[in-house]
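Worksheet: one structure, shown below.
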Protein chains: 2
Amino acid sequence: MINHLLIANIDEKGLLSKSEQEEFCSYFQPKSISKKEFLLEQGKVCKFEGFVLEGCFRIFTIDTKGNENTIYIAARNWWLMDIDSFMNHEPSALNIKALEDSKVLIISEKDKAALYKSIPKTEKLFRIMFQKSIVAWQRRLVRNHSLTAKERYSHFTKSYPDIASKLTDRQTSSYLGITHEFLSKIKKQS
Amino acid sequence: MINHLLIANIDEKGLLSKSEQEEFCSYFQPKSISKKEFLLEQGKVCKFEGFVLEGCFRIFTIDTKGNENTIYIAARNWWLMDIDSFMNHEPSALNIKALEDSKVLIISEKDKAALYKSIPKTEKLFRIMFQKSIVAWQRRLVRNHSLTAKERYSHFTKSYPDIASKLTDRQTSSYLGITHEFLSKIKKQS
DNA sequence: GAATCAAGTTGAACTTGTTCAACTCTTTTC
DNA sequence: GAAAAGAGTTGAACAAGTTCAACTTGATTC
């Protein structure tokens, strides 16, 4: 059965036929995750690529000083995985934790390989998806380098109001790369 | 004629046959660039993907305050382009400037499309390349958030000694996201 | 080879952001 | 529904990084 959110996400230009869309979706398994549960824990191998149907996840590392570092937030219609761990079967450096009760579609490495083989066009679809992702990472770097914490906070809340509203201030601060105390002071100013 | 550096870069696992490797290379045009020349200037549309055979390039933006922001350095065996501009035919936000006399192989958008069509396996090769790139961007973000300027400088010079040695301190500082004055003080400390 | 321009250095004053501790206010848990 | 844990706030002292200006040292250029 076709999941329209998933298909719309990956197949923007309608390159896949109806039956291909159906096959595409058949490789994915639904999975429910409760609030605060981990979809992936640091140290374990990431055995899936996931797509968020409902809810919200935080992807973060914990550094040697014990500080959390939020890499990104994956809400509805976002992908989530540890690419490195998934590709190379290495222990993950990332944690993926549900911010609220959530539903994802996941695909195993074996099924991902089968999907690529069976519908070669999907290589192009994911290639384009990854290209867009790189653009976003580059822009985030430039913002981190050229904007102050206050400007970054303002950009974040304006650009992603739906995501921002789901985060605690502590989570937001670790996404912005500042302490939660300082975020509190920033908010007071404005 | 096969360019072995290019083939080794993209075709790690030897997925392409000898003749495919030859065809792959045939889509690329060599181009020489003198020191300080621009391969791409902010505001112009990026009409190529490039691969560095010799020399070194700096990819950077200039923000509204006039500050340069070095996104990455592309030395021998690296790819360089403005993905966003190349994909969407939009004016580029990036400058690509040669740090020294350099040689690149470039491929036009039309030829890139023809390459993907003629050798579909290349979709997979570039898909994997972009995935690896995302991993690197995520790690750089974590470093920027969790390390001090001094630690970042130390990581940079240790991880990329060949690149670091080609940069002026001003360029290095704009890569690290600090002022050149502060980099000077960091260097004095250690 | 003098003149000029860009790169690097240094110091002082300043701003941004951190740390730590104390406190309040919610939320969760039993 | 009391107790405990976590989230947010505030202040004071501190550290990290910036700004600006003055200076020195190398590179270029004519």
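A note on names: the letters A, B, ... follow the listed sequences, proteins ahead of strands, and every chain is numbered from 1. Quick caveat, the model's predicted, so the values are computed rather than measured.
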- Message: Quiz question: by atom type and distance under 3.5 Å, do the side chains of B:T70 and B:S174 form a donor-acceptor pair?
- Response: yes
- To the nearest Å, give me how far apart NZ (B:K65) and P (D:dC20) are. 12 Å
- Message: With a 4.0 Å limit, can you tell me whether B:K188 has a side-chain N or O closer than that to the phosphate oxygens OP1/OP2 of C:dG11?
- Response: yes
- Atom-pair distance (CG on A:L167; P on D:dG8), nearest Å: 10 Å
- Message: Does the structure place the NZ or CZ of A:R140 under 6.0 Å from the centre of the six-membered ring of A:Y175, at an angle of no more than 45° from the ring's axis?
- Response: yes
With the criterion being N/O to N/O and under 3.5 Å, what pairs connect the protein with nucleotides 13-18 of chain D, and how long is each?
| residue | atom | partner | partner atom | Å |
| --- | --- | --- | --- | --- |
| D:dG17 | OP1 | B:A149 | N | 3.3 |
| D:dT18 | OP2 | B:T179 | N | 3.1 |
| D:dT18 | OP2 | B:T179 | OG1 | 3.1 |

- Item | Matching residue for B:N95 among B:K44, B:Q42, B:E41 - test: side-chain hydrogen bond (donor to acceptor under 3.5 Å, both in side chains) | B:Q42
- When the distance from CZ of A:R170 to C1' of C:dT26 is rounded to whole Å, what number comes out? 13 Å
- If you fit an axis to the five pairs at each end of the helix from C:dG1-D:dC30 to C:dC30-D:dG1, how big is the angle between those two axes, to 10 degrees? 50°
- Could you tell me the separation between the CD atom of A:E100 and the P atom of C:dT28, rounded to a whole number of Å? 13 Å
- Message: Is the distance from the ring center of A:W79 to that of A:F126 below 6.0 Å?
- Response: yes
- Task: Using a strict cut-off of less than 4.0 Å between a Lys/Arg side-chain nitrogen and an Asp/Glu carboxylate oxygen, indicate whether B:E54 and B:R76 qualify as a salt bridge.
- Result: no
- Task: Could you check whether A:K35 gets within reach of a base, just the sugar-phosphate, or nothing at all, counting any heavy atom under 4.0 Å?
- Result: sugar-phosphate
- Message: Measure CZ/A:R58 against C1'/D:dA7 and give the value in whole Å, please.
- Response: 13 Å
- Whole-Å distance between C:dT10 P and B:H180 NE2? 13 Å
- What are the two closest non-hydrogen atoms of B:G50 and B:I106, and how far apart are they? CA-CG2, 4.1 Å
- Length of the CG-C1' vector between A:L183 and D:dG8, whole Å: 10 Å
- Message: Any donor-acceptor pair under 3.5 Å linking the side-chain atoms of A:N9 with those of A:N77?
- Response: yes
- Message: Over 60° means perpendicular and under 30° means parallel, so tell me whether B:F60 and B:F38 are parallel, tilted or perpendicular.
- Response: tilted
- Item | Heavy-atom pair with the smallest gap, counting every atom of B:F24 and B:I119 | N-CD1, 4.0 Å
- Item | Value in whole Å for how far the C1' atom of C:dT16 lies from OH of A:Y153 | 18 Å
